[in-house]
Amino acid sequence: MDIKILAAMLLVWGVFLTPSCLAEEGKTESDYEKLRGQMVYSQMEKRGVDDVRVLQALKTVKRHLFVPEEYRDQAYNDYPLPIGEGQTISQPYIVALMTQVLELKGTEKVLEIGTGSGYQAAVLGELAARVFTIEIVEPLGIRARETLKSLHYDNVHVKIGDGYKGWPQYSPFDAIIVTCAPTEIPQPLVDELAEGGRMVIPVGEAQNQNLVLLTKTDGVIREEKIIPVRFVPMTKENGGVY
Ligand code: SAH
């Protein structure tokens with residue numbers, strides 16, 4: 001075949017065919033918005049999440065931008081996803097449930113232990129005044145900080161380090177959310193909880209964890225089990241677990 005004809009054919013293929021192929025592969029922002037709406041209805045509202053502020057935050061935060069590119073299409077599905085470094089982003093329903101029990105009104109200072117992808121922190125950023133979040137795995141902390149910055153979550157502050165002792169400099173916190181599981185509730189976190197504050201935390205060994213809601217009223221701590229869960233363990237800087 002004449003080389004010029006071949007070149008012309010390739011040009012035609014490149015100009016007319018490639019864009020439509022790409023369009024079939026990738027979803028648009030409005031496709032993702034639809035998926036978010038469906039996620040909120042079928043995974044959250046139908047299961048009893050009814051705080052309208054929480055539902056609105058989950059419709060707003062672009063979860064697909066917090067997961068690795070190869071999982072973007074699955075970002076709104078009803079299960080956790082890998083985020084690298086052997087860690088996972090929680091199932092959307094668990095994010096909704098944990099957020100709802102904190103009963104945020106908008107004025108609070110919140111502490112999160114286990115930044116991971118930064119998704120839960122972004123949801124909290126929509127619902128509270130200030131969010132402080134700690135991640136022990138440096139590459140995850142750095143990536144989450146960048147994602148949050150690119151999406152303008154300027155009220156969310158990411159620190160890299162061991163969250164077991166909390167972040168005393170900014171305590172007390174009106175709400176604390178822990179997204180990795182220690183075998184016992186860390187006392188430093190209980191101490192950093194404000195009077196009238198609420199803490200949600202998965203507690204227990206790998207195969208036997210419960211989500212616990214802890215409240216502090218007149219200095220008295222009350223604990224309530226919510227549901228059985230499965231989170232990654234809370235780790236120490238030397239690689240051990242709490
Ligand atoms: N909330 C996250 C998911 C958390 S997965 C999200 O929305 O994506 C649990 C995270 O806790 C992991 O990233 C893990 O590295 C982190 N982690 C484990 N032990 C920790 C500790 N002692 N201090 C801070 N982060 C810890």
Side-chain angles (χ1 to χ4, degrees), residues 36 39 43 54 57-58 60-68 71-72 74-77 79-102 110-128 131-148 151 153 156-168 170 173 175-190 192 199-206 209 211 229-242:
R36 268 200 300 287
M39 169 190 81
Q43 299 172 38
V54 172
L58 289 154
T60 306
V61 181
K62 297 177 174 176
R63 182 172 161 101
H64 61 285
L65 299 182
F66 290 85
V67 304
Y71 293 113
R72 239 164 231 183
Q74 300 174 57
Y76 299 100
N77 294 358
Y79 45 77
L81 287 172
I83 53 169
E85 312 290 330
Q87 304 300 331
T88 51
I89 180 173
S90 307
Q91 179 193 5
Y93 170 67
I94 294 294
V95 173
L97 181 67
M98 291 177 80
T99 308
Q100 170 156 286
V101 299
L102 295 178
V110 183
L111 174 68
E112 180 193 28
I113 310 302
T115 315
S117 67
Y119 174 67
Q120 172 75 71
V123 171
L124 296 167
E126 295 279 343
L127 294 166
V131 180
F132 296 87
T133 179
I134 308 177
E135 171 56 53
I136 200 166
V137 177
E138 187 171 25
L140 290 180
I142 291 173
R143 199 192 309 145
R145 191 183 275 149
E146 283 167 2
T147 310
L148 290 160
L151 295 170
Y153 285 101
V156 180
H157 309 278
V158 182
K159 173 166 121 171
I160 291 154
D162 182 354
Y164 181 87
K165 292 202 170 82
W167 201 334
Y170 293 104
F173 298 96
I176 299 180
I177 177 167
V178 183
T179 63
C180 46
T183 49
E184 308 278 341
I185 297 174
Q187 189 57 41
L189 297 183
V190 179
E192 288 176 38
M199 167 152 83
V200 65
I201 177 169
V203 191
E205 308 285 343
Q209 294 170 6
L211 199 59
V229 283
R230 198 160 172 189
F231 276 80
V232 297
M234 182 181 276
T235 54
K236 299 181 182 176
E237 259 152 358
N238 67 11
V241 295
Y242 282 109

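Hydrogens, waters and symmetry mates are skipped; everything else that's a heavy atom, side chains included, is used. Note that the structure is a prediction, hence the values are computed from the model and not measured. Atoms within each ligand, like the ligands themselves, are counted from 1 in listed order.
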In the protein, what heavy atom is nearest to [atom], and what distance, to one decimal place, separates them?
atom                    : result
atom 5 (S) of ligand 1  : T88 O, 3.1 Å
atom 25 (N) of ligand 1 : I136 N, 3.3 Å
atom 4 (C) of ligand 1  : T179 OG1, 3.4 Å
atom 8 (O) of ligand 1  : S117 OG, 2.6 Å
atom 7 (O) of ligand 1  : Q120 N, 3.0 Å

Output the list of atoms in ligand 1 that are nearer than 4.0 Å to some heavy atom of [X], sorted by atom number.
X    : value
V232 : 9 (C)
V137 : 15 (O)
L140 : 13 (O)
G161 : 23 (N), 24 (C)
C180 : 11 (O), 17 (N), 18 (C), 19 (N), 20 (C), 26 (C)

Options [options], ranked by nearest heavy atom to [atom], top entry:
atom                    : options         : answer
atom 14 (C) of ligand 1 : R63, E135, E112 : E135
atom 2 (C) of ligand 1  : I89, V67, T115  : T115
atom 1 (N) of ligand 1  : G118, G114, G86 : G114

Any chance [atom1] of [X] has more than 12 other-residue heavy atoms, nucleotides or ligands included, within less than 6.0 Å?
X    : atom1 : answer
Q74  : CD    : yes
R230 : CZ    : no
K159 : NZ    : yes

Legend entry - ligand 1-proximal atoms of P233, by part, heavy-atom distance under 4.0 Å: backbone
Inset, instruction - Compare all side-chain heavy atoms of L211 with those of L97 and state whether any distance is below 4.5 angstrom. - result: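 Yes; the side chains approach each other to less than 4.5 Å.
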Inset, instruction - Would you indicate whether the side-chain heavy atoms of V61 and F66 approach each other to under 4.5 Å? - result: yes
I'd like to know if the side chain of [X] pairs up with that of [Y] as donor and acceptor (distance under 3.5 Å, no hydrogens or angles considered).
X    : Y    : answer
D162 : Y242 : yes
R36  : Y76  : yes
T133 : Q120 : no
E192 : Y170 : no

Legend entry - P182 touching ligand 1 at heavy-atom level, < 4.0 angstrom: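 P182 does not count as a contact of ligand 1 under the 4.0 Å cut-off.
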